[in-house]
Amino acid sequence: MDKFVIRKRSHDDEGIDHKPKRKCSETLKDENGDKEDCAISNFVVKSPAWRHLKGQNLNCDYCVFFSKSCADEIFKECEKLLTYNEGQLAKVNLFGKWHDIPRKQVAHGDEGLSYTFSNNTVPARPWTPFLKKIKDTISEVTGHEFNFVLINRYKDGKDHMGEHRDDEKDLVQGHPIASLSLGQPRDFIFKHADSRGKNAKCNIDPVKIELQHGSLLLMNHPTNTFWYHSLPQRKKLLNVRINMTFRKMVKK
DNA sequence: CGGTATAAGCACC
DNA sequence: TGGTGCTTATACC
């Protein structure tokens with residue numbers, strides 16, 4: 001793998017330009033001597049070129065975060081190391097009916113945290129060295145802290161996720177969510193809450209973006225207050241996509 | 001308490 | 001194939 005340099009992104013970039021201003025030339029080190037659990041010792045993050053997604057109250061930043069070789073390796077490690085929830089933990093209740101979620105899901109995070117949506121409470125499994133390393137790298141570069149990651153695995157284009165907002169009480173209000181995409185690129189669609197359905201109050205165009213292998217999408221406040229997002233079916237796509245959304249949850 | 005929203009699928013087009 | 005509208009009984013605001 002390539003040699004990597006981690007560059008931080010300072011908070012005062014926001015709203016003006018999204019290129020990192022501070023440099024940090026240290027290479028991320030294995031703090032726990034966890035080579036056996038995590039084959040990845042370095043990550044590529046070469047001053048990512050951020051692109052700002054703008055809309056009415058839409059505030060997101062997107063970049064290709066990991067180089068292809070690094071993203072390939074992380075993807076491989078995910079497939080080797082991760083296991084996913086089953087049974088009741090893999091169901092949601094909507095409009096009075098229980099459904100198996102059309103994808104696989106698991107969460108890791110600080111002890112005691114969990115995430116509840118649609119009558120489904122996903123408890124955090126402990127951080128693994130592998131996941132902690134990814135989390136720390138993203139924190140380092142974005143300047144935001146996270147204590148929880150929700151991982152979704154879409155085995156092919158038939159797996160999907162419906163429209164929703166990440167507006168649960170479990171989430172620290174106003175804190176950004178960092179979404180790392182690995183594997184099969186997929187369309188990701190934002191729709192404004194007031195612009196949905198037959199009786200829409202206004203007509204705001206949806207914002208679509210194809211989330212690339214190794215990319216990071218930062219969903220900043222107040223995006224999730226006003227915009228729904230979804231990962232629609234794309235039936236012709238045959239390959240696996242893994243998504244990690246790093247979050248800050250309220251401690252209870 | 002009443003009002004409101006829904007991370008799902010399905011039935012159209 | 002993909003986008004839209006509808007569902008429905010809890011939950012939780």
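In what follows, chains carry the letters A, B, and so on, assigned in the order in which the sequence lines appear, proteins first and then strands, with residues in each chain numbered from 1.
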Student: For nucleotides 11-13 of chain B, give me every protein contact, N/O to N/O, under 3.5 Å, one pair per line with atom names.
Tutor:
none

Student: I need the full list of salt bridge (Lys or Arg N to Asp or Glu O under 4.0 Å) pairs touching residues 208-227 of chain A, with sequence neighbours left out, sorted by first then second residue.
Tutor: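 Listed once each, the pairs would be none.
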Student: Sort and list the pairs that fulfil salt bridge (Lys or Arg N to Asp or Glu O under 4.0 Å) and have at least one residue in residues 194-207 of chain A, not counting sequence neighbours.
Tutor: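 Qualifying pairs, neighbours excluded: A:Glu163-A:Arg196, A:Asp194-A:Lys201.
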Student: Got a sec, which residues hit side chain to side chain contact (heavy atoms under 4.5 Å, CB included) with A:His221, two or more places apart in sequence or on another chain?
Tutor: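 A:His221 satisfies side chain to side chain contact (heavy atoms under 4.5 Å, CB included) with A:Thr225 once adjacent residues are dropped.
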Student: 5' to 3' on DNA chain C, which nucleotides open and close the contacts with chain A (atom under 4.0 Å from a heavy atom)?
Tutor: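 Range of nucleotides within reach of chain A: C:dT1 to C:dC13.
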Student: Please enumerate all residues that pass side-chain hydrogen bond (donor to acceptor under 3.5 Å, both in side chains) together with A:Thr245, with sequence neighbours excluded.
Tutor: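 Once residues adjacent in sequence are excluded, the partners of A:Thr245 under the side-chain hydrogen bond (donor to acceptor under 3.5 Å, both in side chains) criterion are A:Arg247.
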Student: Would you write out the dot-bracket form of DNA chain B, 5' to 3', with Watson-Crick and G-U pairs under 3.5 Å, [ ] for crossing pairs, | for pairs to other strands and . for unpaired bases?
Tutor: .|||||.||||||
Student: Residues in salt bridge (Lys or Arg N to Asp or Glu O under 4.0 Å) with A:Lys97, at least two apart?
Tutor: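 Once residues adjacent in sequence are excluded, A:Lys97 has no partner under the salt bridge (Lys or Arg N to Asp or Glu O under 4.0 Å) criterion.
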Student: By the ring pair (Phe, Tyr, Trp, His ring centres under 6.0 Å) test, which pairs, at least two apart or in different chains, include something from residues 231-252 of chain A?
Tutor: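 Pairs touching residues 231-252 of chain A that pass the test: none.
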Student: Can you check nucleotides 2-4 of chain B for protein contacts, nitrogen or oxygen pairs under 3.5 Å, and list what you find?
Tutor:
none

Student: Taking CZ from A:Phe226 and P from B:dA5, how many angstroms apart are they, rounded to a whole number?
Tutor: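 To the nearest whole Å, that distance equals 14 Å.
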Student: Answer yes or no: is there a side-chain heavy-atom contact under 4.5 Å between A:Asn224 and A:Met219?
Tutor: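 With C-beta onward as the side chain, the pair touches.
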Student: Please tell me whether A:Phe148 and A:Phe146 form a close aromatic pair, meaning their ring centres lie under 6.0 Å apart.
Tutor: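 For A:Phe148 and A:Phe146, the ring centres are not under 6.0 Å apart.
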Student: For DNA chain B, find the residues of residues 93-100 of chain A with a heavy-atom distance under 4.0 Å and give them by number; none if there aren't any.
Tutor: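 Nucleic-acid contacts, sorted: A:Leu94, A:Phe95, A:His99.
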Student: Check salt bridge (Lys or Arg N to Asp or Glu O under 4.0 Å) between A:Arg153 and all other residues, then give those that pass, not counting sequence neighbours.
Tutor: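 For A:Arg153 the salt bridge (Lys or Arg N to Asp or Glu O under 4.0 Å) partners, ignoring immediate neighbours, are A:Glu79.
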